[in-house]
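Order of the sequence lines fixes the chain letters, A, B, ..., with proteins taken first and strands second; residue numbering starts at 1 for each chain.
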Amino acid sequence: EAQVTQNPRYLITVTGKKLTVTCSQNMNHEYMSWYRQDPGLGLRQIYYSMNVEVTDKGDVPEGYKVSRKEKRNFPLILESPSPNQTSLYFCASRGTLTTYEQYFGPGTRLTVT
Amino acid sequence: QKEVEQNSGPLSVPEGAIASLNCTYSDRGSQSFFWYRQYSGKSPELIMSIYSNGDKEDGRFTAQLNKASQYVSLLIRDSQPSDSATYLCAPMNTGFQKLVFGTGTRLLVSP
C-alpha cells in the first residue's frame, strides 16, 4: 500500500529534551515536506526537500532541523523543544516529474511542557 | 492580503444538497491546484486536483478553475453527513516548491 508513515503518533516531552519525528514514504517520491498545523493558522511549511541531500527552509523553520540522507526518509529534529512547538505535525511527499499531487502522513501530535 | 482566502464557515447544507466551496489566491503564477478534505484531528486527504481552466469532475466532486480571476471552487453534489469536514484549498506556488494552504472552510451536512 502506497503510504507516508510517521512515528511517533503522539509524544509528550519536556522543554529542552531533544526529539526526532521520523517520516518515511514508499512511493519513490523525490519531494518531501514537513508542516505544522495550529488552530486558526492553518498548515504551515517547516522544511522541504526536493531530493536526497537537498533541503530548504519553509515558512516557519526556526527551532527545527531536517536531513535527507535517503530518498524514502525525512526526519524532523527538535534539538531543544519549547512549549511554542506544541502542535500537530504532518509529513508529506509527492513526485516532481508529471503531477504534483501531495500525500500526507497520519500526523504526530506533540506536546512540550 | 492572504495568499489563499477561504470562507471559514461553517457552511451548513442539508443532506442531498449541493455544497459550494470557494477559494481565491494571490500568486498569479500558480498552475496547479488541489482540494483536500480534513476531518478533525486527522491528516489532509487529497480529493481533487485541477491544472487547466474549466471544470473537472470526479464522482460527486467537481472542481472549477478560473486562472484569470484567480479563483478555484469545489462543488459537492448529493452531500452526505460523512462529507462534514474542513476543506482546504491549496495552490502550488510559482516555483513549485510548496503548496500554499488556506485555513479551510468547515462544511456541515445535516441529515
**Item:** Linked, directly or transitively: A:Ile77 and A:Val54 (ILVMFWY side chains, under 4.5 Å)
**Value:** no
**Message:** Which atoms of B:Lys98 are under 4.5 Å from chain A, going by heavy atoms: the side chain, the backbone, both sets, or neither?
**Reply:** both
**Item:** Heavy-atom closest pair, residues A:Leu43 and B:Pro44
**Value:** CD1-CG, 3.9 Å
**Message:** Let me confirm one number: the CD-OG1 distance from A:Gln37 to B:Thr103, rounded to the nearest 0.5 Å.
**Reply:** 10.0 Å
**Asked** Can any side-chain N or O of B:Ser43 pair as donor or acceptor with the backbone N or O of A:Gly105 at less than 3.5 Å?
**Response** yes
**Prompt:** Looking at CG of B:Leu99 and OH of A:Tyr48, how far apart are the two atoms once the value is rounded to the nearest 0.5 Å?
**Reply:** 12.5 Å
**Message:** Count I, L, V, M, F, W, Y as connected when their side-chain heavy atoms are under 4.5 Å apart, and connections chain through other members. Are B:Tyr36 and A:Met27 then in the same cluster?
**Reply:** yes
**Message:** With a 4.5 angstrom heavy-atom cut-off, is it the side chain or the backbone of A:Arg94 that approaches chain B, or both, or neither?
**Reply:** side chain
**Complete:** Applying a strict 4.5 Å limit to non-hydrogen atoms, the region of A:Asp59 in contact with chain B is side chain
**Message:** Would a single hydrophobic cluster contain both A:Met32 and A:Leu78, if residues Ile, Leu, Val, Met, Phe, Trp and Tyr are joined by side-chain heavy-atom contacts under 4.5 Å?
**Reply:** yes
**Asked** Between A:Tyr100 and B:Phe34, does the ring centre distance come in under 6.0 Å?
**Response** no
**Item:** Option that, when pairs with chain B are counted at under 4.5 Å, heavy atom only, ranks first among A:Gly40, A:Pro106, A:Ala92
**Value:** A:Pro106
**Asked** Looking only at heavy atoms, which two atoms of B:Tyr51 and A:Glu101 are closest? And how far apart?
**Response** OH-CG, 3.7 Å
**Request:** Kindly check if the number of other-residue, nucleotide or ligand heavy atoms within 6.0 Å of CZ (A:Arg44) is above 12?
**Result:** yes
**Message:** Is there a path of hydrophobic side-chain contacts, each under 4.5 Å between heavy atoms, that joins B:Leu88 and A:Phe104?
**Reply:** yes
**Message:** Only pairs of heavy atoms separated by less than 4.5 Å count here; which of B:Leu46, B:Thr86, B:Val100 has the most with chain A?
**Reply:** B:Leu46
**Message:** Taking side chain as everything from C-beta outward and backbone as N, CA, C, O, which of these in B:Glu45 sits under 4.5 Å from a heavy atom of chain A? Side chain, backbone, both or neither.
**Reply:** neither
**Prompt:** Take atom CD in B:Glu3; do more than 12 heavy atoms of anything else shown fall under 6.0 Å from it?
**Reply:** no
**Message:** Using heavy-atom distances under 4.5 Å, tell me whether A:Gln102 contacts chain B through its side chain, its backbone, both, or neither.
**Reply:** both
**Within one Ile-Leu-Val-Met-Phe-Trp-Tyr cluster: B:Leu11 and B:Ile47, side-chain cutoff 4.5 Å** = yes
